[in-house]
Every structure is written in structure tokens, then in C-alpha cells.
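Worth saying up front: this structure is predicted, and the values here are computed from it rather than measured. By convention in this document, chain letters (A, B, ...) are assigned in the order of the sequence lines, proteins followed by strands, and residues within each chain are numbered from 1.
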Amino acid sequence: MEKLKSILKINLKRNFTANNIAVATVMFIVCITLICVMFMQFKTVEETDITDIENMRETELRTALAEWKTKYDAIASELVDTEQKIAEYNDKMGKNDEASELINKELEQSDTILGKTDVYGEGVVVTLRDTNEKLIHATDLVELINELRYAGAEAISVNDIRIVQNTSLVDILVDIDEQYINIDGRRIASPYVVKAIGNQTYLSSILNMKNSGFIDRYTNDNHSVECENRKRVEILKYNGEITASHLEEGEE
Amino acid sequence: MIFIAIVLGCIIGALIGINAPIIPYTYSGYLAIAIIAALDSVFGGIASTLKKNFDLKIFVSGFFGNAILSILLTYLGQRLNVDIYLAAIVVFVGRMFNNLAIIRRYYLEKFVKYRKIQKEKIVEYEGKNQSENAQKKEIKK
């Protein structure tokens, strides 16, 4: 017994060196890991026979299918949203088009009324000429224009210069007995061709009124005046600029 | 003590492994490769112990490193659509056979030596007996 005890002691001493403890611990851990993993694998392999594998694959496929379906649904809803948006935009664009068309029409109309476009239509052409006895003055032209407007002329030009709302028509005195007519800073000379577009009957009847009409009065006054009715009178556009730098819009 | 640790580790590992949940089938391939790598390391360790050049650091790093590396390689192979795990299996199993051969030879040689010694002992003993008997016979005579 004594002998056995001493052998055990020696053995224990030999076994419990630091190195041995480390080796033992490491072996312990290694064994646990290896055997644990092996048994897990055994179990897995055992419990997954072929039908099971197929089942698993099926479930996997099913989950994949479900995933794709959800993705598809999401994308489909997105598509619907996008299409709606596109439709909305198209609608808006259509509205915009309508609005802009309206605005364009308005603009065109305004331009036409303002005299920013070439126009034509039925009307009269009045030609005034300087004669040796009588000269034509700006006031005569202003009177004629006034009368034409009274008769409902929609567009008037003098020597192809468009008469617009701010056109000036003045006599410029060069010498005591020499003067010329200036329209918007441009010098014009005889013959003065006044074109007017408007209702032909109104225009001609008012101009040709006995005694009070322009033509009658001026021919009686020894002026050279000719009046001509035309089916198509062409009037060029106003080629200056209509500015309103001092105007401010009043608040409504 | 080391032996006790190994046995205890095996038992505890088995208990844990049996009670552990089943891993998904998709990952069992990786685990199998890891197991083979680990087994290769274990056999390598045994062989080196027999050769008396066992190094704990090398063993541990080989055990875990090879397992992880083989898993990573398998994963890479799957991503590349190349069966790299086949190469890993070939290498590990080949090494395992090598190490097993070393172990087998070692123990076979030991066994053969032991048998030889035993035989010699028996022969010696028998020879002694014979001579003793002869002496006894002579004494009887």
C-alpha cells in the first residue's frame, strides 16, 4: 500500500505541471468541440433523409417563392403608383396646354389689338395730297384718324406707319413756310395714304357724309382727297416698342 | 490526467451534441468539412505525439484554423460555383491516412517487439526449466 501511494504521489506531481494542465484543458475543449459538432452532424444527417431533404427544399422554395411574391407585389404597387403619377402629370400637362393655349390666344388678340401684328381686312384707303394751294397738316390727319376711329376703324396706318395708342402725329416746323409731318419721329411726305380696316360701309358712309363728312369738307376746302373702298386692306405691324416704364399697376 | 480530460471532454461533448438542435441542412456541408479538418488535426496530433515532437500551439491552431479555413473555402467555392470542398476532403483524408499509417506502424512495431521479448523470455524460462528438470532428474538418479 505504501508503495502504491508513493507511486501515485509521484505520478500526480508529474501530472500536475503547468504544461500538463494546459494540454489537458486544451484537449478537453478540443474534445468537447469535436464530439459535439460530430454528434450534431450525425443527428442532422440521420434526421434528414431524402424525403426530408426534398421537403426542406420545397419549403425553401416556398419561402423563396413567397419572398418573390412579396417583392413582386411591392413592385406592382409601385408601378401602379408611378402610373398614377404619370397620369396626373399628363393631366396637369394637358391643363397647362389648355391654359397656355388660352394665354397664347389672348396674347395674340392683344398683339393684334395693340398693332403688333400685320393685319388685313376690308376697309378704306384715303389718300391726301399736298397741292400748291393747300398743304396737309398733321391736324388734318389727326382729324381723319379720329373720324375713322369714330366710324369703327380697328387698325389705321399712315404711309404704312401703324397708328397705335401712343402714336404722335405732329407738324415739325423747319422754316417759316416749310414744315413736315412727323409720326413717331419719322418724317412723312405727300401723298399721305391712310389705310383703315373696319366695317367698310360704316367707314365709307361716315367719311362720305354730305357736308359733315371728312371727304366732303376737305374737298370743299380745296384739298385733294381720294377715298377708295377695298376688299383687302393690308396694314403692317407697329415696328416700334410699346414701353410702360413709368406705369405701375394699380392694386386691385 | 490528460487521458481523463479527453474522456470527460468526449462524454460532455456527446451529451451537448445529442441535446443540441438540428442545424439546417444547408449548413451541414460546412460542418462536415470542419469535422474532417478537425479529425485530421487530431490524427496529426496523435502521430506527432508518437514521434515525440508534439506542439500544443501548432495542434490548437491547426485544429481551429483548418476547420475555419475549410469552411471559408467551401463557402468561397459555393460562391464561385467550384467544388473546393472536394479538394479539402482529398487533402485532409489523405493526411489522415498518412497519420493513421504512422500510428499503425508505431504500434505494430511496439507489438512485434513485445512479442519478441515475450518469446525470448519464454524460451529462456523453458530453457531454465529444462536445465532444472535435468538437474532434478540427475539428483533423483
Side-chain angles (χ1 to χ4, degrees), chain A residues 1 3-71, chain B residues 1-46 48-49 52 54-68 70-71 74 85 92 96:
Chain A
M1 272 308 262
K3 223 182 175 180
L4 218 145
K5 266 185 183 174
S6 67
I7 288 165
L8 246 171
K9 262 186 185 172
I10 291 160
N11 256 340
L12 279 175
K13 263 187 190 172
R14 212 175 59 192
N15 279 343
F16 277 96
T17 54
N19 191 35
N20 269 6
I21 287 171
V23 171
T25 351
V26 167
M27 285 299 173
F28 181 66
I29 292 166
V30 163
C31 281
I32 284 180
T33 335
L34 183 58
I35 300 296
C36 172
V37 171
M38 272 172 77
F39 269 85
M40 272 163 80
Q41 182 73 359
F42 292 160
K43 239 172 77 177
T44 313
V45 172
E46 238 171 64
E47 293 196 10
T48 50
D49 43 59
I50 289 164
T51 53
D52 249 331
I53 290 162
E54 272 184 8
N55 280 341
M56 274 188 156
R57 281 201 180 141
E58 214 174 288
T59 51
E60 267 173 40
L61 285 173
R62 258 186 213 144
T63 50
L65 188 69
E67 222 173 275
W68 283 114
K69 254 187 187 168
T70 50
K71 272 186 190 170
Chain B
M1 188 195 170
I2 294 165
F3 185 71
I4 292 166
I6 288 169
V7 171
L8 216 68
C10 285
I11 291 165
I12 291 172
L15 284 175
I16 293 172
I18 286 166
N19 290 319
I22 302 166
I23 48 162
Y25 186 76
T26 17
Y27 300 126
S28 72
Y30 299 117
L31 215 60
I33 294 292
I35 287 166
I36 286 173
L39 275 177
D40 166 60
S41 292
V42 167
F43 282 115
I46 292 166
S48 60
T49 312
K52 299 214 164 84
F54 176 77
D55 191 329
L56 189 66
K57 283 171 208 158
I58 290 171
F59 173 70
V60 171
S61 62
F63 183 83
F64 290 106
N66 276 355
I68 291 164
S70 60
I71 285 172
T74 310
Y85 71 89
F92 288 138
M96 242 150 81

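With respect to Phe28(A), the side-chain contact (heavy atoms from CB on, under 4.5 Å) criterion is satisfied by exactly one of Ile6(B), Leu8(B), Ile4(B): Leu8(B).
At a 4.5 Å heavy-atom cutoff, the contact between Phe64(B) and chain A is made by side-chain atoms alone. Neither the backbone nor the side chain of Thr25(A) comes within contact range of chain B, judged by heavy atoms closer than 4.5 Å. Heavy atoms of Val37(A) lying under 4.5 Å from chain B belong to its backbone as well as its side chain.
Between the CZ atom in Phe3(B) and the CE atom in Met27(A) there is a gap of 13.0 Å [rounded to 0.5 Å].
Annotation for Ser28(B) and Thr44(A): closest pair CB-CG2, 4.1 Å, computed over non-hydrogen atoms. Smallest separation of non-hydrogen atoms from Ala24(A) and Ala5(B): O-CB, 3.6 Å. Minimum heavy-atom separation, Cys10(B) to Cys31(A): N-CB, 3.9 Å. Counting all heavy atoms, side chain and backbone alike, Lys43(A) lies closest to Asn19(B) at NZ-C, 4.2 Å.
Of the listed residues Ala67(B), Ala38(B), Ala14(B), Ala20(B), the one with more heavy-atom pairs under 4.5 angstrom with chain A than any other is Ala14(B). Contacts with chain A were tallied for Ile18(B), Ile12(B), Val60(B); Ile18(B) has the most, counting heavy-atom pairs under 4.5 Å.
A search for side chain to side chain contact (heavy atoms under 4.5 Å, CB included) contacts involving Ile11(B) returns Val7(B), Leu15(B), not counting sequence neighbours.
For residues 9-26 of chain B, the set of pairs meeting the salt bridge (charged side-chain N to carboxylate O under 4.0 Å, His left out) definition, not counting sequence neighbours, is empty.
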* To do: Run the numbers on Phe59(B) and Val30(A) for side chain to side chain contact (heavy atoms under 4.5 Å, CB included), then give the verdict.
  => CA-CA 10 Å; Phe59(B) 173 70; Val30(A) 163; 4.0 Å; yes
